[in-house]
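So the structure is just underneath, and the comments pick up after that.
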Amino acid sequence: MKLAFPRLLGTATLLACAPSRQGVPSPAPEPHPRPVQSVIPAPASVQFGGHEAFVLSDSTAVVYTASATDDVARVADYLAGMLAPTVLRTTRPLATSDPTPRGAVRLAIDAQATSFGDEGYALTVTRDSVVLTAREPAGLFHGVQTIRQLLPVSVEHPAAMQRRLSLPSIRIVDTPRFAWRGAMLDVSRHFLDVDDVKRFIDGMALYKFNRLHLHLSDDQGWRLEIKSWPALAALGGRSEVGGGVGGSYTQAQYSDLVAYARDRYITVVPEIEMPGHSNAALSAIPALNCDGIATAPYTGTNVGFSTLCASSDTVFSILNDIIREVAAITPGEFIHIGGDEVEKLGHAQFLRFVERAEKIVRANGKRMIGWGEIAPATLDASSVVQHWRYSEGKSADSSFLHAARGGMIIASPGARTYLDMKYDSTTVLGLRWAGLIGIRDAYEWEPSTLLTGVSERSLFGVEAPLWSETLEKRGDFEFMAYPRLLAIAEIGWTPRVQRRWDDFRMRLAEHGPRLQALGVNFYRAPEVPWRR
Ligand code: TNX
């Protein structure tokens with residue numbers, strides 16, 4: 001296909017300019033010019049040809065190539081559902097060799113297009129058609145999110161009357177920088193029910209995240225049914241920070257969440273904390289304690305005071321039961337074992353514990369992830385270390401040890417990615433031990449130069465943890481996550497050279513009405529000129 005686009009833009013820094021006619025003084029520039037496209041995360045390459053090229057209507061057909069898999073049909077259905085009722089909610093298969101019908105939106109797999117990787121895509125919008133191509137269905141799904149963001153905000157209001165859905169003339173070729181683009185929900189300190197977690201997954205999908213890390217156990221609550229040790233959820237799941245009623249997921253509910261996330265190309269990564277942050281388990285199963293006596297439930301916010309008994313083989317056999325069950329209902333490759341802030345074991349004892357935990361995870365067919373503190377243990381290179389202990393100017397964990405043995409690191413520096421830190425000194429919710437984190441702080445940092453000894457090659461990607469000591473309900477979680485989550489999305493996806501705070505800020509402004517349409521309780525950071 002021949003494309004007649006006026007310019008190739010290596011970056012997404014594309015602000016609309018007031019047209020200047022010769023001889024006529026051009027009007028003063030708008031203080032906040034509207035970007036011609038406001039996709040977040042910014043795509044790797046964009047050629048923009050003009051607004052309102054392709055108008056969707058009830059004669060628009062969503063088609064996909066017939067040789068493609070069921071997954072492609074599913075993404076096509078998802079897209080048709082998103083465009084309904086403006087577009088008829090039906091999809092139609094085509095043969096690979098069939099030309100794209102006029103007025104169609106076409107989804108196609110190109111198995112040869114290796115440059116797309118597992119998640120990249122190309123999108124071409126002209127007056128006549130919309131063509132989205134990827135090597136894998138995940139790429140099509142991410143491309144659909146780009147289409148969604150290129151559409152007016154009314155796409156988020158299917159019941160709106162007389163909405164006009166149109167796309168600009170555009171050519172985007174896009175692939176993510178990092179394979180790991182994660183967010184973490186702490187459902188232990190305060191429990192979120194299945195529907196709330198699904199809403200969070202929906203938001204992650206819109207911004208092309210691909211990992212949901214669920215922090216399922218801590219001192220204050222155990223949140224997943226374990227059939228061989230039912231007391232964990234039955235007793236350990238009954239409270240949360242401040243008392244409350246707590247809650248836990250049955251295995252069926254967890255599987256439903258995993259499937260919901262998978263349909264959005266997001267892998268669930270379950271975390272079972274050990275040996276510290278474990279009081280909920282210690283209160284439910286006496287045998288996990290060295291003295292064989294169950295502890296009292298804990299509903300405060302201190303850390304570091306609990307540990308599973310490290311010298312007991314029974315403990316490891318119970319852990320094996322737990323990991324076996326979690327592995328069986330987790331199709332993803334990874335299980336997170338926590339490992340942070342253990343103050344009640346000697347260092348050597350702690351490291352031996354982590355090494356035994358790794359053996360259990362591996363014996364159950366999974367790769368282990370743990371927080372930064374685990375790096376000095378003798379680990380397999382297939383395990384992953386999640387760096388977190390970072391405050392500006394001093395990095396205090398040993399992730400580099402794991403990078404040196406060829407292992408991968410996930411960057412979650414506290415001072416940049418901790419979504420539970422206050423935005424500024426007036427923020428009511430949140431903590432501040434890692435600092436105040438404004439939108440610019442969350443956006444303007446570079447993972448590949450963050451840690452000495454951890455270069456791009458050793459970086460799996462980035463993840464933003466949302467700890468919930470101070471967050472009680474969905475609206476609280478959202479207020480802390482949005483919009484900083486979008487900054488982390490862009491760090492995970494967009495090529496480094498294309499990230500510019502000024503450009504991001506302007507694009508972010510356009511997401512206000514969209515987040516509002518979606519009912520997301522986001523923080524209207526004063527440094528962003530939000531659109532109404
Ligand atoms: C540190 S980050 C913790 C969590 C807390 C969080 C609060 C990490 C591995 N441990 O247990 O919830 O700070 O910001």
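Numbering of ligands and ligand atoms starts at 1, following listing order.
- Closest protein heavy atom to atom 3 (C) of ligand 1: E341 OE1, 3.5 Å.
- Near L431, with a cut-off below 4.0 Å to any heavy atom, the atoms of ligand 1 are 7 (C), 14 (O).
- Residues D219 and H277 form a side-chain contact, since some pair of their non-hydrogen atoms from C-beta on lies under 4.5 Å apart.
- Within ligand 1, the atoms closer than 4.0 Å to a non-hydrogen atom of Y418 are 2 (S), 8 (C), 14 (O), numbered from 1 in the order shown.
- Under the 3.5 Å distance criterion, with hydrogens and angles disregarded, a donor-acceptor pair is assigned to the side chains of E373 and W388.
- Close contacts of ligand 1 with M421, meaning ligand atoms under 4.0 Å from a residue heavy atom, involve 14 (O).
- Taking the centre of each ring, W493 and Y207 stay at or above the 6.0 Å mark.
- Of the protein's non-hydrogen atoms, the one nearest atom 5 (C) of ligand 1 is E469 OE2, 3.3 Å.
- Taking the ring centroids of F477 and F200, they lie at or beyond the 6.0 Å cut-off.
- The closest approach between any non-hydrogen atom of Q386 and ligand 1 is not below 4.0 Å.
- Set against the non-hydrogen atoms of H277, the atoms of ligand 1 under 4.0 Å away are 11 (O).
- Geometrically, ligand 1 and W467 share no nitrogen or oxygen pair separated by less than 3.5 Å.
- What you find for L345 and F350 is that their closest heavy atoms are CD1-CA, 4.1 Å.
- Using 4.0 Å as the threshold, R189 has a heavy atom nearer than that to some atom of ligand 1.
- For atom 14 (O) of ligand 1, the nearest protein heavy atom (residue, atom name, distance) is D420 OD2, 2.6 Å.
- Judged by the 6.0 Å and 45° rule, R211 forms no cation-pi pair with F334.
- Side chain to side chain, H215 and E271 meet the donor-acceptor criterion of an N or O pair below 3.5 Å.
- Ranking the protein heavy atoms by distance from atom 8 (C) of ligand 1 puts D340 OD2, 3.2 Å first.
- Among residues two or more places apart in sequence or in another chain, the salt bridge (Lys or Arg N to Asp or Glu O under 4.0 Å) test is passed with E325 by none.
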